[in-house]
Protein chains: 2
Amino acid sequence: MSVVVVQPTRTARARLQPFDARQVGLVDGFWADRIRINREHTIPHGLDQIRNAGTLGNLRLAAAGAGDYRAAADSVGATLPFLDSDVYKWLEAVGWELGRQPDPALAAAADGVIDVVAAAQRPDGYLNSYVQLGGGVPYRDLSWGHELYCVAHLIQAAVAWHRALADDRLLAVAVRATDHLPPGIMDGHPGIEMALVELTRVTGDRRYLALAARMIEQRGRRTLPGADRFGATYWQDHETVRDAASVAGHAVRQLYLDCGAVDVAVEAGDDQLLTAVRRRWDDLMRTRTYLTGGMGSRHRDEAFGDPYELPPDRAYAETCAAIASVMLAWRLLLATGDVTYADTIERTMFNGVLPGLALDGRRFFYTNPLQRRTHRTPGGAGERRPWYPCACCPPNLMRMLSSWQQYLATHDESGLQLHQYASAEVDAELRAGPVRVQIRTDYPWDGRILVRLLRTPAEPWTLSMRVPRWCHSATITGPDGTETLGTGTGTVKRHRRWRPGDVVDLSLDLPPRVTEPDPRVDAVRGCVAVERGPLVYCIEAADAPERTEIEELSWDPRRDLATVPRPDLEESLVGITVPVVRHRPGESAADGLTTGAIPYFAWANRTLGGMRVWIPRSTP
Amino acid sequence: MSVVVVQPTRTARARLQPFDARQVGLVDGFWADRIRINREHTIPHGLDQIRNAGTLGNLRLAAAGAGDYRAAADSVGATLPFLDSDVYKWLEAVGWELGRQPDPALAAAADGVIDVVAAAQRPDGYLNSYVQLGGGVPYRDLSWGHELYCVAHLIQAAVAWHRALADDRLLAVAVRATDHLPPGIMDGHPGIEMALVELTRVTGDRRYLALAARMIEQRGRRTLPGADRFGATYWQDHETVRDAASVAGHAVRQLYLDCGAVDVAVEAGDDQLLTAVRRRWDDLMRTRTYLTGGMGSRHRDEAFGDPYELPPDRAYAETCAAIASVMLAWRLLLATGDVTYADTIERTMFNGVLPGLALDGRRFFYTNPLQRRTHRTPGGAGERRPWYPCACCPPNLMRMLSSWQQYLATHDESGLQLHQYASAEVDAELRAGPVRVQIRTDYPWDGRILVRLLRTPAEPWTLSMRVPRWCHSATITGPDGTETLGTGTGTVKRHRRWRPGDVVDLSLDLPPRVTEPDPRVDAVRGCVAVERGPLVYCIEAADAPERTEIEELSWDPRRDLATVPRPDLEESLVGITVPVVRHRPGESAADGLTTGAIPYFAWANRTLGGMRVWIPRSTP
């Protein structure tokens with residue numbers, strides 16, 4: 001058994017194989033720091049929150065057989081029925097963490113939570129505290145009840161504990177809960193499909209895969225009642241998964257559904273289904289994705305908008321949608337080997353997922369706008385919060401960070417593929433023989449990546465390294481000499497007889513750059529963004545010239561961007577100095593000013609004020 | 001008794017007096033046509049719809065004492081409790097119409113509806129079909145139940161029938177329903193406040209005014225439960241009506257509330273309260289109003305956005321909000337005499353209210369976006385519909401059009417003020433003596449307005465005519481000769497001893513013009529709008545060059561706009577030919593093209609395709 005987030009079976013139609021997490025050891029650097037904060041701060045904070053919010057208490061009451069389900073009303077006044085899933089996501093994160101490194105205190109806390117979950121399960125296998133405390137009739141409201149969605153997260157937690165710790169307490173609960181599901185049902189919120197495929201992968205029982213496949217086929221036939229709320233499109237019941245040409249409706253639902261479709265497709269060898277998802281993905285990337293990798297632009301129904309409807313100020317861009325997009329991109333990368341999916345994972349992890357978490361690891365964003373005005377309407381929120389009444393995002397961040405290292409590399413028959421860059425050690429069992437590589441880099445602050453072979457067989461094999469799409473100039477130096485790499489390289493591959501001690505030096509140039517938007521995105525016409533390497537930057541009130549509001553500044557194209565160390569934010573953080581002009585009614589334009597840009601993931605960690613990713617271009 | 005929409009009492013602190021509708025006879029032209037369509041098509045269509053939708057049936061069931069309340073679920077799944085108000089708004093429209101001119105068939109139909117309303121009222125005076133059919137406990141959910149909102153529209157209908165027809169059947173019902181209200185209550189949806197003031201004006205009973213004043217004072221103290229849905233701001237319970245510096249929350253609620261505040265202020269001589277509303281209004285005009293006069297930019301909670309958050313594509317701009325804005329502007333105009341309120345009424349009536357109604361008078365828009373993309377996401381709506389599950393807007397349009405003529409002119413001690421332009425005859429009883437003026441114009445297609453005095457006393461008096469804010473060049477010719485008027489004239493006044501047969505010729509130049517947006521409106525940066533006279537124009541797919549999408553076109557600033565007759569749309573309609581450049585990926589820009597712009601109110605009456613009010617500026 002491998003410690004793997006998504007583990008296609010041997011017979012699955014997948015081009016690349018994931019690594020067992022134990023084979024990828026992060027050493028230090030950017031992501032190692034995030035993962036440490038997640039482990040030391042975010043996950044313990046999450047436990048406090050699911051305790052204080054009554055989320056864990058709901059399961060405890062269900063175990064006792066009586067009590068009032070505790071939940072806030074959501075923004076439309078309905079009691080949130082899906083809070084059990086927060087507990088399961090937290091358990092999944094803990095599973096991956098304990099698999100990486102023991103922690104007796106955390107393990108003891110998790111044991112307590114697992115006991116509560118197991119105790120809450122009814123003798124017949126059914127488990128959902130909202131339903132159990134509210135009358136006890138299961139599957140009465142499949143459209144809005146999220147019962148299968150909760151089972152899905154229970155399964156994912158169980159899979160994590162099984163794979164990472166060979167601990168099957170949760171798996172027993174999950175199998176019984178799954179076996180309680182009546183045939184022919186479907187959830188208003190997808191998620192169960194990918195979980196069922198993983199359950200087959202873990203148990204070998206192909207009934208779960210078949211059930212997932214049936215759900216995928218059933219969707220799009222307008223059978224879910226209750227669509228009068230937002231229309232059948234909201235939960236992707238308007239067109240079949242095979243036919244729908246574009247994403248539509250609630251973003252997280254669509255992305256989770258497509259994750260399940262890929263999982264079913266690779267296990268069943270169903271290329272038509274895979275092609276349908278890839279077509280939707282390509283369209284999504286082209287027409288409905290923010291520069292940050294965020295997606296789902298509409299607040300009203302948390303939905304994708306029309307093509308190119310990407311307002312920065314009213315970007316919904318739910319943290320969960322960014323996470324779901326990484327999950328889907330990873331599945332597509334494994335299935336196809338197409339490195340552009342890894343490009344998207346990089347962009348989305350840095351700029352779509354990570355902004356959802358404060359630097360201290362204890363406060364969260366649910367929505368991730370690309371603009372915040374200095375002056376706002378009364379009643380608006382916009383601050384990071386320690387938790388949310390609908391707390392789907394925080395524990396989703398926890399499980400994503402706890403499994404980040406799994407996205408770093410893959411292997412196949414030919415060799416080893418490095419997709420993401422961090423200081424790490426990777427042990428691979430290639431067909432040629434065992435390989436151990438050491439990776440050293442200060443990425444994303446620095447573009448130099450050193451790969452040293454610590455161990456290699458004599459047989460030749462291929463080392464593949466992604467050259468990110470954002471990179472327009474790079475060099476690679478290895479035993480064969482130096483080569484210059486230009487735009488569109490995609491992947492640089494070196495096939496040879498490697499020797500221990502061989503070093504490959506991939507140097508990616510990452511000057512700060514100005515990015516023009518797609519002209520079809522109406523909402524940011526006349527603006528530019530500032531980027532460096534994989535990072536999207538923003539300008540924020542705290543860095544603006546004195547007595548100047550963000551809205552008064554525009555980018556001055558006559559002067560250059562420059563990098564600047566920003567240890568005030570984080571030790572290695574690289575900021576960018578942006579030349580700006582200040583326009584104020586009744587004053588002549590103030591030339592020669594600069595303002596500081598910081599990585600977008602780091603915004604809203606200081607005094608809350610105006611913020612912009614897209615900066616108007618000054619027109620003299 | 002006068003036929004008047006808003007009738008301040010003699011002691012009220014109002015600068016201008018409204019006319020009795022019977023004193024303002026529309027002859028023909030633009031608004032006469034709209035009012036005829038409303039009378040002949042929209043109002044009969046409305047009766048069919050409140051019958052077919054079960055709205056009238058609900059009251060009939062309440063009269064019978066049993067049955068199931070019939071209503072769609074709203075977008076958030078709750079049964080709409082306020083449908084009675086659709087019946088009352090329809091009755092109000094019919095009241096004004098029958099007051100203008102009898103129609104036995106319409107009167108008979110209305111009699112039947114009034115009988116149903118009267119029969120539905122409980123012996124104790126309570127009247128609300130949703131509550132009566134749903135268990136019968138009144139005022140249990142003041143936050144969301146809309147019970148006082150419904151009473152408000154009942155009162156407004158009763159006032160219309162009382163004033164226009166001296167028919168007090170509805171007034172008896174309304175008084176008993178109002179007398180049933182317990183003291184100290186407040187509705188989640190304002191509207192009752194202004195209705196109560198009008199009820200005092202009609203009955204002379206100042207208890208209603210006092211009740212309205214109490215509700216105004218009570219608001220803003222966070223006493224309404226249920227604010228967890230959207231926050232207390234949603235229904236303006238976050239800050240007192242006297243203190244709140246800016247509009248916030250649900251747009252129609254805010255505007256109806258401020259209408260009531262003005263009504264209370266003028267009757268109570270409460271200048272501080274009036275000043276508070278004016279301050280909010282000024283801020284609203286400056287920061288949160290679309291070019292069309294539409295307001296309330298957010299879909300999620302039908303709310304005002306942040307300052308300058310005015311996306312054209314996702315403009316909510318509910319038709320009811322535009323109507324409410326006209327209602328508020330009219331009250332402020334009467335209270336203050338400030339002609340800029342009449343400017344806003346003009347802009348909003350033409351471009352904010354009227355687009356909500358199809359040219360045939362039988363289909364409606366609920367939201368009024370300023371942009372519609374050629375390619376849209378599945379499940380989107382965007383077409384005019386014959387009715388809506390939440391049908392607040394259609395009958396609101398009916399009552400607004402049926403009372404339009406009342407906004408045309410006012411009088412005061414000094415004389416007569418013409419605010420809006422249409423061919424009409426106005427009879428005024430001025431202090432100087434009786435006056436009769438004839439107005440002839442093809443406004444808004446032509447800017448010439450001829451005012452002929454048919455009757456006048458020998459005593460001098462003042463004729464005031466608004467020179468619209470959009471007009472930068474005009475001449476006025478009268479018995480004293482000709483004067484040229486420039487930008488910012490506001491009002492042109494002629495004080496003299498008039499003689500019968502005197503003619504005043506006000507000629508407003510209305511060349512097509514290009515309008516730059518406020519640079520603080522991020523969403524339309526780099527765009528311009530095309531306007532002529534009081535009309536905002538748009539470009540629509542049906543007028544685009546062949547095989548060209550709206551999104552491919554940008555305005556060419558090197559060539560001029562030109563007017564062009566568009567009898568294909570309406571007999572006198574003036575279109576504008578806009579020079580454009582076509583940009584297509586992979587093609588060189590196509591120069592020398594033009595596309596047709598039509599008044600925004602006329603959009604979406606042909607093949608549904610792309611539409612833009614704000615057109616990107618071509619940058620060579």
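A note on names: the letters A, B, ... follow the listed sequences, proteins ahead of strands, and every chain is numbered from 1.
- Comparing A/G305, A/G231, A/S246 by heavy-atom pairs within less than 4.5 Å of chain B, the highest count is held by A/G305.
- When heavy atoms are compared at a cutoff of 4.5 Å, B/E552 does not approach chain A at all.
- With hydrogens and angles left out, the side-chain atoms of A/Y366 and A/R385 include no donor and acceptor closer than 3.5 Å.
- The nearest pair of heavy atoms linking A/R582 to A/L553 is CB-CD2, 4.1 Å.
- Each of A/Y130, A/W235, A/F82 was compared with A/W144 under the ring-ring contact (aromatic ring centres under 6.0 Å, His included) criterion, and only A/W235 meets it.
- Proximity to chain B (any heavy atom under 4.5 Å) is shown, for A/D522, by both the backbone and the side chain.
- Proximity to chain A (any heavy atom under 4.5 Å) is shown, for B/V524, by neither the backbone nor the side chain.
- With a 4.5 Å cut-off on side-chain heavy atoms, A/V514 and A/W555 count as touching.
- Taking a 6.0 Å sphere around CG of B/D282, one finds it holds more than 12 heavy atoms contributed by other residues, nucleotides or ligands.
- Note on ring orientation: taking the six-membered ring where Trp is involved, the planes of A/Y316 and A/H299 are perpendicular (angle over 60°, cut-offs 30° and 60°).
- Interface remark: A/P307 contributes backbone and side-chain atoms alike to the contact with chain B (heavy atom separation under 4.5 Å).
- When each of B/R525, B/R617, B/E551 is scored by its heavy-atom pairs under 4.5 Å with chain A, the top score falls to B/R525.
- Ranked by heavy-atom pairs under 4.5 Å with chain A, the first of B/H583, B/R288, B/E239 is B/R288.
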